[in-house]
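Start at 1 and go down the list; that is how both ligands and their atoms are numbered. In what follows, every heavy atom counts, from backbone to side chain, and hydrogens, waters and symmetry copies are set aside. Here the structure is a predicted model, which means the values were calculated and not measured.
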Amino acid sequence: MPKVLITTGGGDCPGLNAVIRAIVKRANQTAKWEVYGSMEAFNGVLRSPKEIIRLDDEKVAGIHHKGGTILQTTNKGGPFDWPVQQEDGTWTTEDRSDEMIEYLAREGYDAVISIGGDGSQKISYELYKKGLNMIGVPKTIDNDLACTDYTFGFQTAVDIATDAVDKLVTTAESHHRLMILEVMGRGAGWIALHSAIGGGAEVCLIPEIPYDINEVMERLNERYVGGRGFAIIVIAEGAKPKDGTVVARESDEVGYKNPRLGGVAYQLSDQLKAAGFKHDIREMVLGHLQRGGTPIAYDRVLATQFGVKAMEMAINKEYGRMVSFLDHEITSVSLETATDGQNLVDPEGFMVQTAKGVGISFGD
Ligand code: F6P
């Protein structure tokens with residue numbers, strides 16, 4: 001019987017379990033494949049003893065609405081950068097990709113479906129180039145993967161962020177306050193842009209459009225006529241002022257490559273005070289609330305579509321490709337193209353025009 005291995009890598013994301021369930025259900029139909037899952041991305045294959053579990057109908061029953069991933073995940077290390085502690089306590093990394101590929105061949109795996117974001121899909125592409133039959137499924141709340149209009153998890157994050165704006169409006173209005181809501185997204189402003197439009201914010205600051213604090217002040221002053229008023233700013237964690245830098249710190253976690261973003265709301269608050277803003281300001285960093293919990297129906301459906309498509313690609317031996325949602329079609333693109341670039345907000349695009357059309361300032 002043919003065998004497929006599933007991994008979930010990178011940050012968790014609402015909808016991961018719905019993808020896993022869809023793969024298993026589709027596999028159990030005409031093709032009758034055996035499905036396995038490696039715990040914590042590829043760590044389950046690399047650890048000794050192995051942490052690989054059989055995924056059958058019983059294991060995936062009813063998981064489509066559960067957040068997180070039953071396979072667990074990691075955004076550290078991986079087969080090309082396996083962390084190894086030296087005698088003096090320091091860490092180096094080891095490339096264990098050949099050993100892993102040999103193990104999977106020996107065990108008779110026909111394909112590997114890797115559900116993950118840009119980092120995971122780069123690993124998928126490297127493994128594919130070394131001969132592993134890889135299929136990618138795009139995942140991230142940031143919606144920053146190239147070659148797919150949407151990733152699952154994004155709309156759930158937008159819903160959570162928009163709900164936060166709605167809640168902040170009532171308290172801002174009561175106190176004549178400026179509330180600054182910082183949302184996730186790394187280098188992409190999609191969550192900020194969608195929740196600013198959905199929640200009716202006055203200002204939206206995103207990485208793709210560096211802001212001028214004086215322009216932000218101008219929009220806020222319009223809201224505080226006669227000393228009364230209130231306002232909402234949605235700022236993406238990766239936003240930066242013109243001539244400024246992103247607020248980030250190095251991670252002290254072993255094998256964690258990305259800088260950790262967060263705290264730009266406080267920087268903006270200080271800048272506004274320095275620029276003469278006289279009213280109360282409160283800052284709110286929404287953080288991992290955007291990633292936890294139940295996926296909304298849209299993401300469950302998209303994740304299910306992605307899972308079914310990924311399994312059909314395995315059956316049809318369409319390797320070296322990533323599932324994608326393009327122009328309302330579930331299709332696939334080569335991993336090479338999918339990992340070459342990012343999906344960022346176009347400052348001249350229709351979504352920014354829409355926001356500007358309802359009076360949202362980008363501080364530009
Ligand atoms: O990529 C998803 C994401 O949630 C980003 O929006 C955020 O910057 C990052 O992951 C946070 O990573 P961690 O969970 O490692 O803190």
Note to self: Salt bridge check, Glu202 against Arg223: does any charged N sit closer than 4.0 Å to a carboxylate O?
What the structure shows: yes
Note to self: Taking Asp110 first and then Lys317, would you say they form a salt bridge - that is, a charged N and a carboxylate O separated by under 4.0 Å?
What the structure shows: no
Notebook entry, point to check: Any luck finding a side-chain donor-acceptor pair between Tyr128 and Glu126 under 3.5 Å?
Noted result: no
Check: For Glu283 and Ser269, does a side-chain donor sit closer than 3.5 Å to a side-chain acceptor?
Finding: yes
Next item on the list: Write out the protein residues near ligand 1, meaning a non-hydrogen atom under 4.0 Å from one of its atoms, in order of chain and number.
Entry: Asn75, Ile141, Asp142, Met184, Gly185, Arg186, Glu237, Tyr256, His288, Arg291
Checklist line | Gly77 to Pro83 - nearest heavy-atom pair and separation | finding: CA-CD, 4.3 Å
Margin query: For the CD atom on Glu329, are there more than 12 heavy atoms of other groups (residues, nucleotides or ligands in this structure) within a distance under 6.0 Å?
Written below: no
